[in-house]
Amino acid sequence: MRITRRTLLVGAGAGVLGVLLASCTPEPAPSPTPDPTSTPPAPEPTAPTGLEPSAFIRSSWSEDPFSLGAASFTPAGVQQSVRAALAVPVLDRLFFAGEATDEEAPGTMSAAVRSGVAAAEKLLDASTTGDRVAIVGAGLAGAAAAARLAVSGLELTVFEARDRVGGRVQSHVDDDEWPIPVQLGGWLVDDALDDVIERPEPLNLRTETLSGALWRSVEGDDLEAVSAKSLTDAITAAQSRVTDESLTVALTEAGADPADDALAALLAYLSTLSGADADQASSWFPPVVPPIERTAVLGDLGKVFEDLLGGTKVSLSSPVSRVAYDDKGVSLGVATGESLSFDRVLVTVPLGVLKTDGIEFSPALPFAHRGAIADLGMGLIETVWLRFDEPVIETDASLWHTVGGDATIRTWLNLAPTTGENILVGLIGGTAAGEFAKLGDDDARAAALASLAPFLGTTESPTP
Ligand SMILES: Cc1cc2nc3c(=O)[nH]c(=O)nc-3n(C[C@H](O)[C@H](O)[C@H](O)COP(=O)(O)OP(=O)(O)OC[C@H]3O[C@@H](n4cnc5c(N)ncnc54)[C@H](O)[C@@H]3O)c2cc1C
């Protein structure tokens, strides 16, 4: 993602400006000091498959201190309505947005946009012209709120902890290594495409439909497509019971075996959407059952943020560590050491961050907010992109699933049919994503390549 100086105007205060400008000017990389006693570097681990990618990149959202997870989910036994409680303004001074506050489609890009616009409307209702307003977080929720507030006559500053905007949306643009932008965060959009990328003028971002599925055994045999019917039936039955149970319990009570290889493959796919394992997720408020087609943004999503944040003061590398509020205003403590006063503040940091003491609220947030933060779950999703010089297999299928076995990555997106490039995108969700995130790059790469074993060597037609 590229962000130009044009979009990054001056932050509030000289210290913040210094940090902002520093963040725009890359430091020269330190040159390593040669160590005459060092042994030669260990050879790169070779994949058991013998397959070597010409480019590899991975995400690490589970470990990233400014996300601490990928997407909020509703655990079994928790009401979806706690999300609305999290979005309630405090003293008309402190406002909240972010995907976790959205009841309609939490954990998605459209949720983030919708929540940002809704919070901006509430903030506007409480404000008078000239109010000093801060937004904490320059992800989709913060950027959508900023776009709404930019035309309102308020004095607006966005504080972003990272040295880039976008949050859990991150297009990695590297024309030498990758013929299309790599999407390390959200990029698969469903109905709400327009909310995200068509505002106010079309950004002409390339999108493609990913369709056609391969379901393969670990031995490499093609299998019948796994139907989601047993899952949807179990959810329907569970929703008429008196207590909320996890998806695992719902399936078991419906007579299905969640450990069955085919169902486990479907549940692995489900976890790449929600970030939750089936034994965590609510059956009353279940994750979206995996669709058979996905719409993928193949362009640079950085353009969305340039559009939404154009003209707004954005202070990068400025993690907010303290939010002190009363009925007269809000003071923000920024990790750069500054303390800045505002009339109102909109907090859009991820649920994963709110669950830690990374931001101190003074006084503590009301019980309803703290209850919601404690009750909701932060799901884990990681992604790995691999580019090959040759096709791994010839197939028109864009979604690949491994049935059975213990592969680290069981869900793959094949971008070859839509882009002509030999790019495979591995998706991992739930506990497996957390474990994957802890691996070093070499081990992660080897695990990803080993997971591709079922898809090597044969040519097949996709299962419709
Ligand atoms: C791997 C992955 C795949 C995904 N796939 C999809 C998908 O295909 N489709 C889909 O719809 N959604 C997907 N999502 C979810 C989607 O990306 C998120 O729901 C959405 O981007 C969240 O936006 P947000 O503004 O609520 O939060 P964020 O984007 O996380 O924005 C919050 C911002 O706050 C900043 N921040 C954190 N702490 C501080 C602090 N102390 N001070 C200042 N700033 C701070 C963060 O750096 C961040 O920029 C995916 C997410 C991940 C991680």
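Atoms within each ligand, like the ligands themselves, are counted from 1 in listed order. On a predicted model such as this, the values are computed, not experimentally measured, just so you know.
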Check for me whether I359 has a heavy atom closer than 4.0 Å to any atom of ligand 1. yes

Aromatic rings H401 and Y269: how do their planes relate, parallel, tilted or perpendicular, breaks at 30° and 60°? tilted

Proximal atoms of ligand 1 relative to L188 (non-hydrogen, under 4.0 Å): 7 (C), 8 (O), 9 (N), 10 (C), 11 (O)

Do R322 side-chain atoms and E360 backbone N/O form a donor-acceptor pair below 3.5 Å? no

Ligand 1 versus F66, non-hydrogen atoms closer than 4.0 Å: side chain, backbone, both, neither? both

Atoms of ligand 1, numbered as shown, that sit under 4.0 Å from any heavy atom of L184: 1 (C)

Looking only at protein heavy atoms, which one is nearest to atom 23 (O) of ligand 1, and how far off is it? A112 CB, 3.3 Å

Any side-chain donor near an acceptor of the partner, Q79 and S81, under 3.5 Å: no

Under 4.0 Å from a heavy atom of G98: give me the atoms of ligand 1 that qualify, with their elements. 26 (O)

For atom 49 (O) of ligand 1, the protein heavy atom that lies nearest, with its residue and separation: E160 OE1, 2.6 Å

E103 and R83 ion-paired at < 4.0 Å: no

I'd like to know if the side chain of K303 reaches the main chain of L205, judged simply by a donor and an acceptor atom lying under 3.5 Å from each other, with no hydrogens or angles considered. no

Could you list which atoms of ligand 1 come closer than 4.0 Å to a heavy atom of G139? 25 (O), 29 (O), 31 (O), 33 (C), 49 (O)

P350 heavy atom under 4.0 Å from ligand 1: yes

Determine yes or no for a side-chain-to-main-chain donor-acceptor pair under 3.5 angstrom, with S67 supplying the side chain and W61 the backbone. yes

Any non-hydrogen atom of I381 lying under 4.0 Å from ligand 1? yes

Between D326, V323, L346, V88, which is the residue that forms a side chain to side chain contact (heavy atoms under 4.5 Å, CB included) with L94? V323

Of A145, G185, A71, the residue with the heavy atom nearest atom 2 (C) of ligand 1 is G185

Ligand-side contact atoms (ligand 1) for residue partner L140, heavy atom cut-off under 4.0 Å: 25 (O)

Can you pull out the closest protein heavy atom to atom 40 (C) of ligand 1? Residue, atom name and distance to 0.1 Å, please. V320 N, 3.7 Å

Would you say L427 touches ligand 1, if touching means a heavy atom closer than 4.0 Å? no

Between E99 and R114, does any side-chain N to carboxylate O distance fall below 4.0 Å? no

For ligand 1, find out whether one of its N or O atoms is nearer than 3.5 Å to an N or O atom of S110. no

With a cut-off of 4.0 Å, which atoms of ligand 1 are near a heavy atom of G167? 29 (O), 48 (C), 49 (O)

Which residue and non-hydrogen atom of the protein lie closest to atom 15 (C) of ligand 1, and at what distance in Å? G107 O, 3.3 Å

Quick test: of every protein heavy atom, which one is nearest to atom 27 (O) of ligand 1, and how far off is it to 0.1 Å? R168 NH2, 2.9 Å

Residue portion contacting ligand 1 (non-hydrogen atoms closer than 4.0 Å) for T108: both

For a quick check under 3.5 Å, do D244 and S282 share a side-chain donor-acceptor pair by atom type? yes

R387 bridged to E177 by N-O distance under 4.0 Å: no

Is R162 salt-bridged to D64, going by a charged N under 4.0 Å from an acidic O? yes

Who's the nearest protein heavy-atom neighbour of atom 53 (C) of ligand 1, and how far? A70 CB, 3.3 Å

Under 3.5 Å, is there a donor-acceptor pair linking the side chains of T411 and T272? no

With atoms numbered from 1 as shown, which atoms in ligand 1 lie under 4.0 angstrom from a non-hydrogen atom of F159? 43 (C), 44 (N)

How far is atom 13 (C) of ligand 1 from its nearest protein heavy atom, and which residue and atom name does that atom have? G186 CA, 3.5 Å

Atom CG of D125: over 12 foreign heavy atoms under 6.0 Å: yes

S321: heavy atom below 4.0 Å from ligand 1, yes or no? no

Atoms of ligand 1, numbered as shown, that sit under 4.0 Å from any heavy atom of V169: 21 (O)

If you measure only the distance, is there a donor-acceptor pair under 3.5 Å linking the side chains of T209 and E293? no

Output yes when D327 and R93 qualify as a salt bridge under the 4.0 Å nitrogen-oxygen rule, no when they do not. no

Atom 26 (O) of ligand 1: nearest protein contact (heavy atom, Å): E99 N, 2.9 Å

So, does D102 use its side chain to make a donor-acceptor pair with the main chain of E104 at under 3.5 Å? yes

If we only count N/O pairs under 3.5 Å, is A141 in contact with ligand 1? yes

Any atom of ligand 1 sitting under 4.0 Å from a heavy atom of P319? yes

Evaluating non-hydrogen atoms only, which member of V113, V349, T295 is closest to atom 39 (C) of ligand 1? V349

